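Structure first, then comments.
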Amino acid sequence: MTHPASPTEHRLLAHLNPEQLAAVTLPAEPALILAGAGSGKTRVLTTRIAWLLSTGQVSPGGLMAVTFTNKAAKEMITRLGAMLPFNVRGMWIGTFHGLCNRFLRAHWKLANLPQSFQILDSGDQLSAVKRIIKAMNLDEERFVPKQVTWFIAGSKEDGLRPKDIEIRDGQTQKLAEIYQAYEDQCQREGVVDFGELMLRTYELMRDHAALREHYQQRFRHILVDEFQDTNKLQYLWLKIFAGHGTDSPSAVLAVGDDDQSIYAFRGAQVGNMADFEREFRVRHLVKLERNYRSFGHILDAANALISHNSRRLGKELRTEAGPGEPIRVYEATSDFADAQWLVEEAQQLHRAGTARSEIAVLYRSNAQSRVIESALFNAGVPYRVYGGLRFFERAEIKHALAYLRLVENPNDDTSFLRVVNFPARGIGARSVEQLQDAARSSARSLYQSVGAVGGAAGSKLGGFAKLVDGLREATRGLTLREIIEQMLETSGLVTFYRTEKEGQDRIENLEELVNAAEAFVTQEGFGKDAVALPVDETAPGTIAAARPGEPEAPAPVDLQPDAETGEIMSPLAAFLTHASLEAGDNQAQAGQDAIQLMTVHAAKGLEFDCVFITGLEEGLFPHENAVTSVNSSGADGLEEERRLMYVAITRARQRLYLSFCQTRMLHGQTRYNVKSRFLEELPEGGLKWITPRQQGFGSGYAQQYQQAWQRGSGLSGVVGAGRNSGWQPPAAPPPAWAAPVPAAMSQSAAKSAGHGLRSGQSVFHNKFGEGVILTLEGKGEDARAQINFGRHGTKWLALAVAKLTPIE
DNA sequence: AACTCCAGCGTTTTT
DNA sequence: CGCTGGAGTT
């Protein structure tokens, strides 16, 4: 540092640990921060920004900070707002997609887009692709719409346009054609999907030297959060904004954790971290390994687990908080019993003073939540499930938004199709087909083709077009709130839901939409006046203030003005953009103190006092599909599962529970499980098995366990026999999971055919190790068994040949 | 246009 | 098992 530390600076930097301080005060050069879970990553990022600004090293307009989620962006803005004496909302801090949106709004002409282009969410994209496939007369069996959307999204994430697609066979040839048709359609309708936001921004920067140079000079500092989750295109995007390879590249600060990369399946490339280090010649690598979240046993478990992964950048979490409580491991006879136990345990925690919202139940896949939910429900315990439908994805909301989009742009065919006959107005599939034919043959939108359909169908369609036109006329000059209220009235949506049995909730959601719009207007800082204001009178040249060295005037985030004219889009269009870019919360009954249920993926970035990780069973976690697949990008599926487990473990502050079930109801049938290999990768010394010896109900177990719990110890159950050190003789005491399945639990317990084996029985095989019998067939010489050997997979063995030793 | 019925399917999913 | 979507029925 060449400048003396001012009091402001001193205050900013106080309370940082040495590594954090080093990261915050790095020189303006490429740097990589390896930020472990709970190591104060967000704090470092925000303090770095505040430090750069308050020391005058960069102006607010000369800095860009990129995140993946709206939540992370908002948190950064909020924290920064508290640290800095000026309005930070106009700064270029946002999600990749949000910033691309801003960029494209400012340069919509160059980007060849309408100014108020709308953004397709994944659902819209799917229906658009379906339309294409139908229009091209292709077989939906061969071109599964969902897979086609993956193909298109994946291609864009790799920066590939249809012409860049490598044609290997007829299938890829056709896929490229679909992709091309989809692009044409989007362009015609004036809509873009998420991938397009990124790709078009990148291409615009690549192809327009003046623009490129402007932004490259402007952003002297670029900070990237969750860098391990960037995909190929996002990395290219960063390189071009950073002026990588030019004379004066900007300083990129990449913050990430390769051990928390859990989105490879969606195109994220952990390898970007290593590439960044190499290509940017990173000289500053800071590791944040001091963890402020969890106790020692929890971190030991996380460290031990993740050490089983190869290809790591290398990092070990440590704490000064002491070892804390051991990790409790529970083996249940069934998923049902597991849920019962979990509810009981959670109730105890709550009674002992833990807020319910500080108790999280994590699982690998959504299907697992059902049994836990029903146990919680039956016990009357408030709970909240993350995931599921988000606010702006609800059907009634999407319908309402479709009307609003048609007001804004009647050529949006996706929206047209969604509501042309909703509420029903006698426009059937035949009429729509006629209309689509007419539109196709004249290369016009559905709305434009309404006149081309004759007869009764034509007049009904005309009626719908009039409705949309009328709505547009009637809402001209109204506030956003009034526009939406008018739309709800005119469209007949509210009337329709009033007659529906389950319509009340939907009407409430529609009312909530009005509130959301109201909140958006207030938050974005434009009121009634701005709405009525003719576009020409808006302050021009907003971007001119953004020259390097000058702070940018705080502008409403979603109202990016045209770079040349200062023209802004309408509040309605801005609100629609907001709705697509930020699908909203998916939390039901917020507010109430409730136990939190979510997938491990959804838990990333969160933390809780007490965490239950359930379903630690081979095939489920790690998931069987991930174990067998070394996916196309060369990433090892098992390693990603392990990182997922690492993320799960590191969510816990004080207490961590791990559980697995001998049997689990999956897809309507009982599965016999082998416990997850991840359990064996944890240090035994930090685990406490709390599975009671007596299994089943009514054995007095609950009482015993409760007493033990109150002593703060739990029951000391069977400790898992170590299997990490090579062979283990069949005679060795079996680990806890080998406890027999009670007869009542095993469907075919009676199927014993002289060999003394039954389904659910645990056995040992010299080559495959321990397994659980799934099914038995045949008699005598022909007798065979299907056995789940966990990591060795499920195998059929001939009992006359295979040497199986029953366990217990 | 609004029903019923049955086959098919069932990792994870920031934007 | 429980949900979705397509096909078939009224």
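We use all heavy atoms of the structure for the numbers below, so side chains are in, but hydrogens, waters and symmetry mates are not. Note that the coordinates shown come from a computational prediction; the quantities given were computed from them, not determined experimentally.
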Sugar-phosphate only, base, or nothing, as touched by Glu641(A) at under 4.0 Å among non-hydrogen atoms: base
Nearest-angstrom distance from the residue atom CD of Glu393(A) to C1' of dT15(B): 11 Å
Any Asn70(A) side-chain N or O less than 4.0 Å from OP1/OP2 of dT14(B): no
Syn/anti state for dT12(B) [syn: chi within 90° of 0]: anti
Nucleotide dT13(B), atom C1' - distance to NZ of Lys146(A) in whole Å: 12 Å
Heavy-atom pair of closest approach, residues Trp108(A) and Pro114(A): CE3-C, 3.9 Å
N/O (side chain, Asn421(A)) to phosphate O (OP1/OP2, dA1(B)) under 4.0 Å: yes
Six-ring centre of Phe608(A), Arg293(A) cation under 6.0 angstrom, axis tolerance 45°: no
Proximity to the side chain of Ala602(A) - top-ranked nucleotide from dT15(B), dT13(B), dT12(B): dT13(B)
Sugar-phosphate, base or nothing in reach of Ile427(A), heavy atoms under 4.0 Å: sugar-phosphate
Side chain of Thr95(A) (C-beta onward), nearest among dT13(B), dT15(B), dA2(B): dT15(B)
Ring-base stacking, His601(A) with dT12(B) (5.5 Å, 30° cut-offs): no
Touch class at under 4.0 angstrom, heavy-atom based, for Tyr263(A) against every strand present: base
Sugar-phosphate, base or nothing in reach of Gly428(A), heavy atoms under 4.0 Å: sugar-phosphate
Test: Lys74(A) and Glu582(A) ion pair at under 4.0 Å: yes
Gap between atoms CG and P, on Leu644(A) and dT11(B) respectively (whole Å): 15 Å
N/O (side chain, Ser122(A)) to phosphate O (OP1/OP2, dT15(B)) under 4.0 Å: no
His667(A) side chain, from C-beta outward: closest of dT11(B), dT14(B), dG2(C): dT11(B)
Please report, to 0.1 Å, the donor-acceptor pairs under 3.5 Å made by any side chain of residues 131-144 of chain A, with sequence neighbours excluded.
| unit_1 | atom_1 | unit_2 | atom_2 | d |
| --- | --- | --- | --- | --- |
| Arg131(A) | NH1 | Glu189(A) | OE2 | 3.1 |
| Arg131(A) | NH2 | Thr414(A) | OG1 | 2.6 |
| Asp139(A) | OD1 | Glu141(A) | N | 3.0 |
| Arg142(A) | NE | Gln171(A) | OE1 | 3.1 |
| Arg142(A) | NH2 | Gln171(A) | OE1 | 3.2 |

Centroid separation Phe68(A) to Tyr263(A) less than 6.0 Å: no
Arg370(A), nearest nucleotide to its side chain (from dT12(B), dC3(C), dC1(C)): dC3(C)
Ion pair check, Asp259(A) and Arg642(A), cut-off under 4.0 Å: no
N or O in side chain of Arg390(A) less than 4.0 angstrom from dT15(B) OP1/OP2: yes
Sugar-phosphate only, base, or nothing, as touched by Gly426(A) at under 4.0 Å among non-hydrogen atoms: sugar-phosphate
Separation of atom CD in Gln669(A) from atom C1' in dC1(C), rounded to whole Å: 10 Å
Spacing between Leu666(A) atom CG and dG2(C) atom P, to the nearest angstrom: 13 Å
Interface with DNA chain B, restricted to residues 135-142 of chain A and to heavy atoms under 4.0 Å: none
Nucleotide of dT14(B), dT12(B), dA2(B) approaching Ala424(A) most closely (side-chain heavy atoms): dA2(B)
Considering all heavy atoms, the nearest Leu197(A)-Asn101(A) contact: CD2-CA, 4.1 Å
Separation of atom CZ in Phe68(A) from atom C1' in dT15(B), rounded to whole Å: 9 Å
Modelled atom types, side-chain donor and acceptor of Arg200(A) and Tyr202(A), under 3.5 Å: no
Distance below 4.0 Å between Asn625(A) side-chain N/O and dG10(B) OP1 or OP2: no
Face-to-face stacking of Phe265(A) with dT12(B), centres under 5.5 angstrom, angle under 30°: yes
Full working for ring-ring contact (aromatic ring centres under 6.0 Å, His included) between His601(A) and Phe265(A): CA-CA 12 Å; His601(A) 281 92; Phe265(A) 74 95; 5.6 Å; yes
Minimum-distance nucleotide to His623(A) side chain [options: dT13(B), dT11(B), dG2(C)]: dT11(B)
Between dT12(B) (C1') and Glu624(A) (CD): distance, integer Å: 14 Å
Separation of atom CD1 in Ile372(A) from atom P in dC1(C), rounded to whole Å: 20 Å
